[in-house]
Amino acid sequence: MSTTPLAPGASPAEATAVAAERRWTLVVGAIIALLVLMMVVTGLHWASMPPSRVETVDVKTLHLRGEFVESNLGTALDPDGKVVVRLVAQQYSFVPACIVVPAGMPVTFRGTASDAIHGFIVGRTNANTMLVPGFVATFTTTFHATGEQLMPCHEYCGTGHEAMWARVRILPPQDFLVRARDGERLDCVAR
Ligand code: CUA
């Protein structure tokens with residue numbers, strides 16, 4: 001490493017200080033360069049490879065045809081034994097507003113939004129997602145305790161946001177299986 005020219009008559013202590021300063025400048029410069037490189041690489045990576053499993057849905061025909069028509073919302077026990085909850089979020093409610101699921105069985109949620117970005121979390125469980133218009137959010141989870149949980153919207157979606165919530169009723173699996181027959185769509189909305 002070349003030495004910085006010092007003022008004539010500089011002491012050896014000053015020379016050491018300048019050398020240390022120089023080394024430090026190089027180290028900091030290398031750290032900054034590494035951080036910038038990481039940002040560039042991850043940015044390009046995400047731009048070139050969108051997240052996998054992106055599923056789109058046409059907002060304009062959401063209520064008219066396809067998976068998210070009203071008669072298909074709620075909880076279904078598929079012939080292969082899978083439990084699937086389908087729901088739609090809109091300003092300012094979830095459809096259905098009361099969801100029935102079994103405890104101790106994997107439950108797959110499939111949801112979307114019809115107007116703004118919404119989201120939900122079920123009580124203190126790890127069931128938590130955003131619902132974005134035009135996209136299907138899906139995840140699978142298992143509820144361990146029976147009982148009722150609140151499911152609030154957790155993305156600010158307008159003036160009615162804080163009043164937007166649903167309930168999730170978690171039944172013992174045998175009770176759920178008795179109710180869920182013939183591919184019916186279940187919910188617990190009072191009628
Ligand atoms: Cu819907 Cu906040």
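All values below were derived from every heavy atom in this structure, side-chain atoms included, with hydrogens, water molecules and symmetry-related copies excluded. Counting starts at 1 for both ligands and their atoms, following the listed order.
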| said: Please enumerate all residues that pass ring-ring contact (aromatic ring centres under 6.0 Å, His included) together with Phe120, with sequence neighbours excluded. | reply: Phe109

| query | Which atom names give the shortest non-hydrogen contact between Ala137 and Leu131, and what distance separates them? | reply | CB-CD2, 3.9 Å

| said: So, applying side-chain contact (heavy atoms from CB on, under 4.5 Å) with Pro106, which one of Thr140, Val83, Thr141 is it? | reply: Thr140

| request: Could you identify which residues cluster with Leu73, counting Ile, Leu, Val, Met, Phe, Trp and Tyr as linked when any side-chain heavy atoms lie under 4.5 Å apart, either directly or through a chain of such contacts? | output: Val57, Leu62, Phe68, Val88, Val95, Val136

| Nearest heavy-atom pair of Gly81 and Met105: which atoms, and what distance? | O-CE, 4.4 Å

| task | Any pair with a residue in residues 159-188 that passes ring-ring contact (aromatic ring centres under 6.0 Å, His included), sequence neighbours left out, goes on the list, sorted by first then second residue, please. | result | Tyr156-His161

| request: Around atom 2 (Cu) of ligand 1, list the protein N/O/S atoms within a radius below 2.8 Å, excluding water molecules. | output: Cys153 SG, Glu155 O, Cys157 SG, His161 ND1

